[in-house]
Number of protein chains: 2
Amino acid sequence: MNTQLKILDAAQNLFAEAGFNDTSLRQITTKAEVNLASVNYHFGSKKELIQAVLQRYLQVLMPRLDHEFDQLLAKTQPHSLPDILAVFVKPLLELNHVQRKGTRTFLQLLGRGYTDVQGHLRWFINHHYGQTLDKFVLLVQQSCPHLPASVLFWRLHFSLGSIVFTMASNDALAEIALADFNESVDIEGVIARLIPYLAAAIAAPVLTNVMPTGVTQTVA
Amino acid sequence: MNTQLKILDAAQNLFAEAGFNDTSLRQITTKAEVNLASVNYHFGSKKELIQAVLQRYLQVLMPRLDHEFDQLLAKTQPHSLPDILAVFVKPLLELNHVQRKGTRTFLQLLGRGYTDVQGHLRWFINHHYGQTLDKFVLLVQQSCPHLPASVLFWRLHFSLGSIVFTMASNDALAEIALADFNESVDIEGVIARLIPYLAAAIAAPVLTNVMPTGVTQTVA
DNA sequence: ACCTGTTTGAAATGTACGTTTGAATCACTG
DNA sequence: CAGTGATTCAAACGTACATTTCAAACAGGT
């Protein structure tokens, strides 16, 4: 079997479980049963290995998302927020065809990427797939014309937080859910639970006075 | 000035900015202008220093939250979700009296703690302050009797994700908001934006069919 | 001023990391 | 089958880390 693939497969799983910084090249090459030096030989550095791991998923996912957004933009608008969010489901779940447990792994990696190395992944995705993300934002804007752009900005990032945090700690949460409610929830279950939550959250009315009395409010 | 305090102050700021794993004792002791060995002398280990940093805030915050929850539980119920969530605001902002920029620092630390070292902080808080959290969950349950306990569980964790992720990347987000919308948002501004978002999200109706056709849904 | 326990200091220890090196091995072509 | 470029391998390198050590400095009480 190809050394590069062995490394990528071992790396993605370890990265997803423990994060990028807490996974050493020695752990990766041991699990992959390849020589330590082969990472630097094939990928150049650990940083580039991380990028390669993420790119393997992003280059499949993002074009499909782009296509879905285009289809939605071609139809008469506005679309409902749950409909727009549901667009993510199929491309995400198709990652399971790319790799076993691909959806779960990718979302965990996304969570790690956004929290482990501050700002790096955000910049990377924005730089490479900014146009696709813009289409999504446009759809949401058309769906929620009552929301100022800045409110939408914050709410979309709150939503990103729900997603990546949930995915980063997905295993722990699934364990608790199993223990406390005897309920086994897989990645599709989590997504199905997220969508109505996020749809309601993003479209929430903008309250003007949520702060308790005595607290000066400084929102522009 | 007290060495312990110098260490705690330097550590909390570096931890909040870069995370626990990416902050070395050498950085901390250099910034605190104390000897490297003093961390182990005063706190025993880096792990215990992390706990001490978090405890300094938690031991102030949690009893106050507990008291607020008791007051709400003593009144006639149910309370509205924004009211329940607003209970967090005053105790959180009072952390600014404990330390300069205390609220911001604490919330960033919370974000780091939940994402950096998987599961550790969750266990710690549950173990030490589980009773207080139970009171909060009870209030939310009474406010949303239509929501099954397991749905509430997931939604509260989604919410936790929004909060800690936002706080962990608060600086980056604030920068973008300033650049894109010429809008400077401080920690109070973020909280004010979070509350209506979370209130709507947690209370969202439970949709039964959000998944696209062809996707088998496995929610219990 | 002297003892005593506490705190600080500079230096060293041992471990783990990412990366580099150069020889050995492989895979393929002429 | 000789030769050549790609790949693998064991070993080493340099760096950074948390932690330990032990002597020096300090503080307060008698």
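From a predicted model like this one, the values you see are computed outputs, not experimental measurements. The chains referred to below are lettered A, B, ... by the order of the sequence lines, with proteins before strands, and numbering in each begins at 1.
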Starting the side chain at C-beta, find the nucleotide from dA10(D), dA10(C), dG18(C) nearest to Asn35(A).
dA10(D)
Over how many whole Å does the gap from Glu33(A) atom CD to dT8(D) atom P extend?
14 Å
Heavy-atom count check: over 12 atoms from other residues, nucleotides or ligands less than 6.0 Å from Asn2(A) CG?
yes
Where Ala10(A) and Ala32(A) come nearest, the two heavy atoms and their spacing:
CB-CB, 3.7 Å
Looking only at the aromatic ring of each residue, does the gap between the centers of Phe124(A) and His128(A) stay below 6.0 angstrom?
yes
Tell me the interatomic distance from Ile7(B), atom CD1, to dT8(C), atom C1', rounded to whole angstroms.
11 Å
Residues, nucleotides or ligands: over 12 heavy atoms within 6.0 Å of Glu33(B) CD
no
Atom CE of Met1(B) and atom C1' of dT8(C) are separated, to the nearest Å, by 17 Å
Mind listing the residues from residues 37-56 of chain B sitting with a heavy atom below 4.0 Å of DNA chain C? Number order is fine.
Ala37(B), Tyr41(B), His42(B)
Rounded to whole angstrom units, what separation is found between the CG atom of Asn21(A) and the C1' atom of dA16(C)?
14 Å
Does Ser24(B) make a side-chain N or O approach to OP1 or OP2 of dC17(D) shorter than 4.0 Å?
yes
Round to the nearest Å and state the distance from Leu25(A) atom CG to dT8(D) atom C1'.
16 Å
For Lys101(A), I'd like to know if atom NZ has over 12 heavy atoms of other residues, nucleotides or ligands within 6.0 Å.
no
Mapping Leu36(B) and Asn2(B) to their closest nucleotides on DNA chain C, which lands nearer the 5' end?
Asn2(B)
Measuring from Ile50(B):CD1 to Phe15(B):CZ, what's the distance to the nearest 0.5 Å?
4.5 Å
Are Glu183(B) and Arg193(B) close enough for a salt bridge, meaning some N to O gap below 4.0 Å?
yes
Can you measure Asp22(B) atom CG to dA16(C) atom P for me and round it to whole angstrom units?
19 Å
Would you classify Thr29(B) as touching base, sugar-phosphate or nothing, given that sugar-phosphate means primed atoms plus P, OP1 and OP2, and contacts are heavy atoms under 4.0 Å?
nothing
Among the nucleotides dC17(C), dT8(C), dT8(D), which one has an atom lying closest to any side-chain atom of Arg26(A)?
dC17(C)
